[in-house]
Amino acid sequence: MISVSEAIALVLAYSPKLPPQTKTLLDSLGCVTADNIFAQTDIPPFDQSAMDGYAFRFEDWNSQHPLKIAGEIPAGQIASNILPPNFAMRIFTGAAVPPGADTVVMQEKAELQNNGQKALIIRDLELKKGANIRPSGSQIRQGDLALPQGSLITAGAIGYLAMLGISNLSVYPRPRITLMITGNELTSPGEVLPPGKVFECNSFSLTAALRSIHIQPVAVCFAPDDKQQISSQVQTTAPNSDLIILTGGVSVGNYDFVPEALTSCGTKTLFHKVKQKPGKPMYAGVLNNTLIFGLPGNPAAVLTGFYRYILPAIKSMMNLPLPQSTSIYHLADNYPKKTGLSFLLKGKIISRDEVMPLPNQLSYLMDSFAEADCLIELEENKADYQKGDEVTVFPFV
């Protein structure tokens, strides 16, 4: 049996980043750029009006003599000619400023007179040359670095890259993940619950946890407590999976066949049993290039194992920063424990530096996980934590 820190080190050692792939812009959400991305054009690509108003040449402005109106430019069109002296042109937000104009006055600070022909009186005494124009290339110039290699693709990054005209990019991809739920006692939610059965929830919690980081499992499989069937499913799914997560069947009971099934199909064991609570029987191994986790079947132990071990493995594969941990949090209440095991507690961050261990910490209880936003790690060799003690915290997001 190894320590939590030793187990994490092994997991990360066998979670190398995946080779880059070209993805569409939207499919790259949540991924990390594998290359530098450069602007393909100036943005804006032309001098652009920042508002609805009138474009004119600043030197032509004389409060005693109105400017004549030469027409209008809606967004998406350009002026066919240079703006003549002593003329203004009606312009709309986002439209290209006509050649010859260098200033835009907002429509609320201008007045149209109509004495046979339209004439513009400007009422903005604070107006300066160049006002209300977004110069060409004021956001970025063609050839400039837009996003460096290693940037996380967020919704804002996607909008920015779309603005630059970029539709595909090279990123470190999401791993292909298969979920394999084992157990003879499981019934799907929504069905009638037979005697002796329980509703299966691990596929739901794991799928939801993966979706929260923009990953959809490539497959969700179910297997009875049968060595041959578990082994067969692992062999079938491994070639198309970067990571397999099994739940249930990893302890030492008469129907716990997962470790034996994995060994029988050639899986190299990294560890089996960790000095922690919950999830002491946890398993990790490698089959060819596929990383495999065997989690105890109790629902809270499954999610705990996901956040403490599997999430760092996924982030390592995607070249993402590992989940942040911090020791600046202090316990908001006492928590009794003995030495010999690390405790991974469901917690709630309640202030900038304080975290509360939630009630109902047993591995089969999920009500506190519904409220939790972090794991609190209590050290293996420390007993009986007191209110105010410093603890390591792993936020879920």
Side-chain angles (χ1 to χ4, degrees), residues 17-58 71-83 88-110 127-174 211-216 314-315 317-321 397:
K17 62 175 176 270
L18 299 171
Q21 293 179 5
T22 299
K23 298 284 187 182
T24 64
L25 200 51
L26 287 175
D27 282 345
S28 71
L29 179 65
C31 296
V32 166
T33 56
D35 299 314
N36 291 328
I37 300 176
F38 298 93
Q40 300 174 347
T41 186
D42 290 350
I43 299 296
F46 46 79
D47 289 347
Q48 187 180 58
S49 179
M51 57 187 59
D52 295 345
Y54 297 88
F56 66 101
R57 185 181 290 101
F58 190 80
E72 69 175 32
I73 310 175
Q77 297 185 18
I78 60 172
S80 57
N81 298 303
I82 296 175
L83 185 69
M89 186 169 286
R90 181 80 166 103
I91 196 166
F92 297 88
T93 303
V97 176
D102 58 20
T103 305
V104 171
V105 60
M106 62 190 303
Q107 63 183 23
E108 293 86 350
K109 295 189 176 182
L127 191 66
K128 292 182 171 53
K129 183 177 180 178
N132 305 317
I133 291 178
R134 304 164 184 159
S136 170
S138 55
Q139 178 163 191
I140 192 169
R141 291 286 186 186
Q142 181 178 4
D144 285 352
L145 180 64
L147 284 180
Q149 186 273 337
S151 296
L152 177 65
I153 301 299
T154 62
I158 285 175
Y160 179 41
L161 295 177
M163 177 184 284
L164 301 182
I166 293 169
S167 59
N168 297 282
L169 61 157
S170 179
V171 296
Y172 295 101
R174 304 172 187 86
R211 285 184 179 180
S212 73
I213 54 172
H214 312 295
I215 295 176
Q216 178 69 37
I314 291 170
K315 288 180 175 274
M317 290 177 173
M318 296 178 66
N319 203 34
L320 288 163
V397 293

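Any value given below was found using the heavy atoms of this structure, including those in side chains, with hydrogens, waters and symmetry copies removed.
Between atom CD1 of residue Ile73 and atom CD1 of residue Ile78 there is a gap of 9.0 Å, rounded to the nearest 0.5 Å. To the nearest 0.5 Å, the span separating CD1 on Ile166 from CD1 on Ile158 amounts to 12.0 Å. Here the CD1-CE distance, from Ile133 to Met51, works out to 10.5 Å after rounding to the nearest 0.5 Å. In this structure, the separation between CE on Met163 and CD1 on Ile140 is 11.0 Å, given to the nearest 0.5 Å. Here the CE-CG distance, from Met106 to Leu127, works out to 10.5 Å after rounding to the nearest 0.5 Å. Rounded to the nearest 0.5 Å, atoms CZ (Arg174) and CD1 (Ile215) are 7.0 Å apart.
The environment of CD1 in Ile82 is sparse: at most 12 heavy-atom neighbours from other residues, nucleotides or ligands sit within 6.0 Å.
The closest side-chain heavy-atom distance from Leu169 to Leu147 is not below 4.5 Å. Counting only heavy atoms from C-beta outward, the side chains of Ile213 and Leu320 never approach each other to under 4.5 Å.
Take Gln21 and apply the side-chain hydrogen bond (donor to acceptor under 3.5 Å, both in side chains) test, not counting sequence neighbours, and it matches Lys23.
Residue pairs meeting the salt bridge (charged side-chain N to carboxylate O under 4.0 Å, His left out) criterion with at least one member in residues 145-159: none, sequence neighbours excluded. The side-chain hydrogen bond (donor to acceptor under 3.5 Å, both in side chains) contacts involving residues 154-167 comprise nothing, where partners must be two or more places apart or lie in separate chains.
Shortest non-hydrogen contact noted between Ser49 and Val104 is OG-CG1, 3.8 Å. Between Val105 and Ala110, the closest heavy-atom pair is CG1-CB, 4.2 Å.
Panel note: side chain Thr22, backbone Ser170; no donor-acceptor pair is recorded below 3.5 Å. Side chain of Arg57 to backbone of Leu83: a donor-acceptor contact under 3.5 angstrom is found.
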Under 3.5 Å, which donor-acceptor pairs do the side chains of residues 90-100 form with other protein atoms, sequence neighbours left out?
unit_1: Arg90; atom_1: NH1; unit_2: Gly53; atom_2: O; d: 3.2
unit_1: Arg90; atom_1: NH1; unit_2: Gln107; atom_2: OE1; d: 3.2
unit_1: Arg90; atom_1: NH2; unit_2: Gln107; atom_2: OE1; d: 2.7
unit_1: Thr93; atom_1: OG1; unit_2: Asp52; atom_2: N; d: 3.1
unit_1: Thr93; atom_1: OG1; unit_2: Asp52; atom_2: OD1; d: 3.0

Please report, to 0.1 Å, the donor-acceptor pairs under 3.5 Å made by any side chain of residues 37-47, with sequence neighbours excluded.
unit_1: Asp42; atom_1: OD1; unit_2: Gln142; atom_2: N; d: 2.8
unit_1: Asp42; atom_1: OD2; unit_2: Arg141; atom_2: NH1; d: 3.3
unit_1: Asp47; atom_1: OD1; unit_2: Ser136; atom_2: N; d: 2.8

Identify all side-chain donor-acceptor contacts of residues 26-36 below 3.5 Å with residues at least two apart in sequence or on another chain.
unit_1: Asp27; atom_1: OD2; unit_2: Thr24; atom_2: OG1; d: 3.2
unit_1: Ser28; atom_1: OG; unit_2: Leu25; atom_2: O; d: 2.6
unit_1: Thr33; atom_1: OG1; unit_2: Pro148; atom_2: O; d: 2.9
unit_1: Thr33; atom_1: OG1; unit_2: Gly150; atom_2: N; d: 3.0
unit_1: Thr33; atom_1: OG1; unit_2: Ser151; atom_2: N; d: 2.9
unit_1: Asn36; atom_1: OD1; unit_2: Gln149; atom_2: N; d: 2.8

